[in-house]
Every structure is written in C-alpha cells, then in structure tokens.
Novice: 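Dropping a structure here in structure tokens format, bear with me for questions.
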Amino acid sequence: MTSKERIRAVLLHRKADRTPLDFGATTVTGIHILVIEKLREYYGFEKRPVKLTEPYQMLGEIDDELLAAMNIDVIGFGPRLTMFGFPNEGWKEFRTFWGQEILVPEKFITTLDENGDLLIYPQGDVSFSPSGKMPKSSYFFDAIIRQGPVDEEKLNPEDNLEEYGVLSDEDLQYWNKNLEIIKRTDKAVVANIGGTGIGDIALVPGTFLKQPKGIRDVAEWYMSTVMRPDYIRTIFEKQTDIAIKNLETVFGIVGNEIDILYVCGTDFGTQNSTFCSPETFDEMWLPYYKKINDWVHENTGWKTFKHSCGAVEILMDRFIRAGFDIINPVQINARGMDTRVLKEKYGDKLVFWGGGVDTQKVLPFGEPEEVKNQVFEQCVILSEGSGFVFNTVHNIQANVPVENVVAMLEALKEFNKQASHY
Amino acid sequence: MEQLLEQIAICVEFGKINKLAPYPPDMKGQDGADELTGKALDQGISADDVLQKALIKGMEKVGIKFRENKIFVPQVLMSAKAMHTAMEHLKPSFQSGTIRRKGIFVIGTVAGDLHDIGKNLVSMMIEGNGWQVIDLGTDVKPEKFIEMAKANPGCKVGLSALLTTTMGNMEKTVKELKEQIPGIIVLIGGAPVNDNFREKIGADFYSPDPQGAVEYLNKLVA
Ligand code: B12
C-alpha cells in the first residue's frame, strides 16, 4: 500500500497493512524546531538550520529526509499566511534564545523589549504594535492581547470578521502551486484553507492583524459567549458562509487530490471538564460545524478533522452528530479520555488521530522503556478494527528527549511488525 | 437588610453585573450587583457585611458549582465581574482598613508559561473569599515572586503551570521561595501538576480546582 492508500483505508475504517503515522501535517501534530534538529542529528543527516514553518508555536519543517526516516504517511498545507500574517517565504537566518540557528521567513521581524523578551510584529510591520511575545525562558510565542475598551453600543460583528474574507488571487496562486506537489506525492494530504475554525481561542487575539478590532481579549471572548450570544452567533454564521465559498474555490483547484480538510482547532476541553455545557455546544457551535461538514460530504470526497484538547468524552457524540470524521489530539491524560472506552463507544464512527502516547508525563519525563510500553499498549487499543492514525497528544514540545521520540517510533514499528501477523 | 445581602449574593452567583447587563437573561432589567451594593451601603449596611454575607457567600456557591461541573469558565468569569463591580463600592473601606481581610495571596503563572485562564479563576475565587490578592500575571520569574513575598510578610503564594516545559520553573520557584523565606506557604496547580509533583518539589498544597485552595487557605486562618 502507498501512504495515501493506507490513510484512505484507515479513514474508511478498513484494514491497512500497518498503522499510519502523522508528524507535521497540521499545526497540532507537529514537532518543535529544537526536537527536529535533534532528530536530524540522531539519523545522521547533514547539520543545517531547520526551517520554521509555524512561527507561533515554533514548529519546524519535517523535510523529505525525516519523512522517509520516520515513515510518515501524510503531509499538509496550511493557509498561505501564518499566525503572524506573513507568508512562509524569503528565508533568512535567525538565532533563538536557546542558541539554535534556524531559518525564518523574511517577514519574521522581531525586536527585544526592556526585559529582553522577543517581540514579533503582525505582517512584519513594525509601525504597528507587536502581536506576539516570546519570553526569554520560553520556547514559543504567545499572543499579545490588543483589546480596546468595549463599547456595547458600538460593537459590530464585522469587527471580528476582518480576518475572514474571500480568498485573494495570491491565495489561489498558492493553492495552484501546492497542487503540483499534491499531485506528485504518494502521501495522503491534509489541507487547512483557513477560516473554518469556529471561535478558536488561539485565533481570537488576531495576531495576524495589524490593528484588531472587536472582541480580542480571551476572558472577554469567553464571557461574550454567554453575555452577547447574538454577537457571537452572527460572527459564526457569516464566517461559515464565507468559509464554504472558499471551500468551493479551493475544491475547484485541488479537487479530490487532497484527502482531509482540517476544519477547526477550538479547544472545548480542560484537564477535568469542558469550556461549555453540551447544551451550549449544541446551540452555539454544532449548527455551523454541521453546515461545513455537510457541504464537504455532499460535494467532495474529503474527510473532516476536528482538534480539541482536554476532557471531551462528553462531547464525542456531538462531534459525530456535527459530521466530523476525525478527532484529534485524543488527550488520553485528561479526565474520562480512556482510549478503551472511547474506542468502544465511538470507534466505528470516529477516526482517532493522536493519543498514541501521553505528553504530560510519559513522553517528556518517562524512560524510553516506559514510552515503548505505552505506545504499544495504545496502538493495540486504538488500532483495533482500524480507524487510527498515530500521533502523540498535540505537538512534540521542546523539552522532549530525542531518545523518547526514537523509542516511540521504534515501538510503533515493532507493533506494526507484530500486527501484520494477525 | 438580610434580604438585600441575599440579593447581592444571588447577583454574584449568577453573574448579574448591573441593571443594564443582559446577562443572565432571566434577570433582565433587574438591579445588579452594582446598584444593590450601592443601596446596601446607603442603607447603612457595613462594607464588611457586604463582603462577608453577600460576596463571599455568592462566590462560594460559584466555586462549588464549578468544581461539580455545573457551570463553566464563562459563567465563573461573569460572576467574578459582578463581584468586582460590587467591590468597587467597597474600595474606600478596603483602603481605610475598616474591612478586615483574611490575608494576602500572591499568585502568578510561572516563567515561560502564558496560560492564564485557570490562574485567573483561582485568583478571583480567592479574592471573592475575602483575601487580598496580588496577581502578578503570566511568565513570572522566581525573583519577582520572592520580591513580592518579601514585601508582604505572611502572605501565601500560589503558582500556576500548564506546560511540562514550565514545571521545572515551578520547582525552581518553590525552592527559591522556601530558601529565601523559610516557612512560606506555597500552593500549586495547573493541568499537568498533581499531588506527587507537589510532594517532590516541596510545595505545601495542591488543588485541581480553586475551591480546594479556598478551603485550604481558610483552614490556615481559622
Ligand atoms: C486554553 C488552552 C490554551 C490557550 C491559552 C489561552 C490563555 N490565555 O490561557 C492557547 C490556545 C493560547 C494555548 C496555547 C498553547 N498550549 Co494550551 N491548552 C489550553 C487548554 C485547552 C485548556 C487550559 C485552560 O485554560 N483550562 C481552563 C482552566 C480553568 O483550567 P486550568 O488552567 O487547568 O486551571 C484550573 C486548575 O488547573 C487549577 N489551577 C490552575 N492554576 C492553579 C494554581 C493554583 C495555586 C491552584 C491551587 C490551582 C490552580 O484551577 C483552575 C481552575 O479550575 C489545555 C488543555 C488541558 N488539558 O488543560 C491546553 C494545554 C495546556 N496546552 C498545551 C500546549 C502544548 C500549548 C502550546 C504550548 C501549544 C504548542 N506550542 O504546541 C501553546 C503555547 C501557549 C503559550 N504560549 O504559553 C498542552 C500542554 C501539554 C504539555 N506537554 O505540557 C495542553 C495540556 C493541551 C494538550 N493537548 O496536551 N493553550
């Protein structure tokens, strides 16, 4: 089987020759640049600066050498512009706080503040206030909240819709260019066209906008979901309509050459609970998700991907009703996220993309042996009857020892060898 | 008087800020924490009574309902907002010292970490329980915690960490605090943290939710 055939089989809950693997196809299944450098070193590849592909979380490019060495089955394309509103082009060298030489896009423009923390500017434009900050002791950026005073009378949902527009000519060129790679690869392809994430708290601060308007503060946004539900619903509704138009356009270019649509990264779970009640989910989110998923299923052969961290067992039924095919990251260490239960209750309807190893204890702090054992155990549970794409729980963070990443990959290989004898 | 205090407590519990506030829908058009607190003080009810018998009572219900997953982050934030609106009226009494608070609680998210939703909830809940809270924000270096703890003798300190990459900074902060200020009480919390980790790094108390911290702090001053 080629990688593409393998993933397609798994997405249809059919038997594949082995459990497929993703690293780097999305911005929630990636690897921090520091670990990428260590992995290249481990495999004995030429030492060279890693390319930064996602500047907010500092995720790096999984190049062809790594794709092959790690046996990765899927590649991905994000929107043309990154979280800070610039395209990934015109590479230049940059040295991180931890002394790593990397390549960053031309418009990755930074300054240091009075504490020595790193500031980054929206669309690389220093005439506006910075939209991200990386503290000296951190490994990635955080959004700088730029929230003006909220005047109830003047609140206009359009202000929160600035980032959701019809795709530009440049966007279309970008997808046309991607199409060449997409056609050539034997890997499965995930596409995130942007604008389909409904109320994602990571996007609310508008780090890509020069001067965001509307509700941009995290707490203010959460409160708005109960205090100004009509405002929020209007945003969701208009955003959904624009998104569907854009999906039509992109489908016109790439057709069924892509396999999966990354729809939404809104986190509904905390460690022990959810951010809203299931009833609120039904009322505020489900209708819009359903509209997008229905459009995709009626008009394309794509499968749809939903990311939500945390304890979301209670919402799984609803994700299914909303029409999602794939759920990620399967945060196995959060309350109620026992993969045996999840697989048993939802395994025939949802593909689990992640959950291969715990990332709060085992992967960063465990011994390689522990990592192996857990990976093996999770694979046994999650691969049963197909419907599982291997990934950790969320991106591999900067502090994960490379030995543990290697142990994880070895365990997966071992599992695949044994499983093929079933 | 009892009835007015009861009404304020209800406003805090359900997040009714003021008369104009559209939330919660079933209290539309009614007086909120803002108007009712003003009324209470005008009627000669003491600021201390407003704090003890209305705000603390309301916030306690919030803490319990949140722990039991009956309400969620947005509702807690609304309640905290109602509480803060009421507290504005009490400010002069806080400043003149006519209201006695239970103590000072210094809180922050540790260095390198910028998750603050949970830390903010803890901060609000403890404030709503009658403590003076000094919130240092996110990415707080050990030196900053030490500086604030030294400036406020007897204060208790709360640390929040949501990432495995910052748990080490939490450990470092606890160690340095304990070295510099022997006997200082340190509480910890956040998604990847648990009681084993607390024991390992020598902090005094771990709680998975704000209400646990409130109950622990209250025991200390009981
Ligand atoms: C919301 C969220 C975000 C938001 C944060 C917004 C903000 N301003 O805080 C955004 C989207 C920006 C974000 C970003 C990231 N996140 Co995040 N995030 C979450 C999420 C989904 C929920 C956290 C939350 O707010 N919960 C709600 C509050 C109410 O709960 P809480 O914080 O746990 O706090 C409660 C208790 O813990 C306790 N408590 C907390 N502090 C204290 C302190 C004391 C003293 C006490 C007593 C109690 C206490 O009381 C609180 C109230 O009940 C968690 C998932 C999870 N399982 O927790 C991931 C999670 C924490 N994130 C994670 C990651 C990896 C990230 C990123 C690093 C992503 C990346 N680069 O790969 C980024 C970087 C963030 C940054 N720059 O610092 C991982 C961490 C895993 C790990 N290895 O450590 C998690 C666990 C998700 C996962 N799937 O694994 N994130």
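The analysis underlying the following values was restricted to heavy atoms, covering all of them including side chains, and did not include hydrogens, waters or symmetry mates. Every chain is numbered from 1 and lettered A, B, ... according to where its sequence line falls, protein lines coming before strand lines.
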Novice: Heavy-atom distance under 4.5 Å to chain B: side chain of A:Q331, backbone, both or neither?
Specialist: neither
Novice: Passes side chain to side chain donor-acceptor pair (under 3.5 Å), A:N399 versus B:T165? Steps please.
Specialist: CA-CA 6 Å; A:N399 65 335; B:T165 45; 5.4 Å; no
Novice: What heavy-atom pair brings A:S137 and B:G112 nearest, and what distance separates the two atoms?
Specialist: OG-N, 3.4 Å
Novice: With a 4.5 angstrom heavy-atom cut-off, could you sort out which part of B:P22 is near chain A: side chain, backbone, both or neither?
Specialist: side chain
Novice: Can you find a pair of side-chain heavy atoms, one from A:Y139 and one from B:L163, that are under 4.5 Å apart?
Specialist: no
Novice: Roughly how far, to the nearest 0.5 Å, is the CD atom of A:Q360 from the CE atom of B:M167?
Specialist: 8.5 Å
Novice: If you compare all heavy atoms of A:F275 against all heavy atoms of B:F72, which two are closest, and at what distance to 0.1 Å?
Specialist: O-CB, 3.5 Å
Novice: Distance from A:M134 atom CE to B:L114 atom CG, nearest 0.5 Å?
Specialist: 10.5 Å
Novice: Look up atom CD in B:Q75 and atom SG in A:C276, then write down how far apart they are to the nearest 0.5 Å.
Specialist: 9.0 Å
Novice: Please state whether the side chain, the backbone, both or neither of A:T225 comes within less than 4.5 Å of a heavy atom of chain B.
Specialist: side chain
Novice: Identify the heavy atoms of B:P74 and A:M223 that sit nearest to each other, and give their distance.
Specialist: O-CG, 4.3 Å
Novice: Do any of residues 145-157 of chain A have a heavy atom less than 4.5 Å from a heavy atom of chain B, and if so, which, in residue order?
Specialist: none
Novice: Got more than 12 heavy atoms from elsewhere within 6.0 Å of CD, B:E68?
Specialist: yes
Novice: Going from CZ on B:R67 to CG on A:N272, what distance comes out if it is rounded to the nearest 0.5 angstrom?
Specialist: 12.0 Å
Novice: So how far is it from B:N196 CG to A:K361 NZ, rounded to the nearest 0.5 Å?
Specialist: 8.0 Å
Novice: Any chance you could measure A:D142, atom CG, to B:D139, atom CG, to the nearest 0.5 Å?
Specialist: 9.5 Å
Novice: Might you confirm whether atom NZ of B:K65 has over 12 heavy atoms from other residues, nucleotides or ligands at distances under 6.0 Å?
Specialist: yes
Novice: Give, as side chain, backbone, both or neither, the part of B:K81 having an atom under 4.5 angstrom from any heavy atom of chain A.
Specialist: side chain
Novice: Less than 4.5 Å to any heavy atom of chain B: does that hold for the side chain of A:V226, its backbone, both, or neither?
Specialist: both
Novice: Are there over 12 heavy-atom neighbours, none belonging to B:K178, within less than 6.0 Å of that residue's NZ?
Specialist: yes
Novice: Checking heavy atoms, do the side chain of A:N333, its backbone, both or neither come under 4.5 Å from chain B?
Specialist: neither
Novice: Any heavy-atom pair between the side chains of A:Y222 and B:I117 that's under 4.5 Å?
Specialist: yes
Novice: So for atom CD1, which belongs to A:I314, do other residues, nucleotides or ligands contribute more than 12 heavy atoms lying within a distance under 6.0 Å?
Specialist: no
Novice: Test A:T359 against B:T164 for side chain to side chain contact (heavy atoms under 4.5 Å, CB included), laying out the working first.
Specialist: CA-CA 8 Å; A:T359 48; B:T164 50; over 6 Å; no
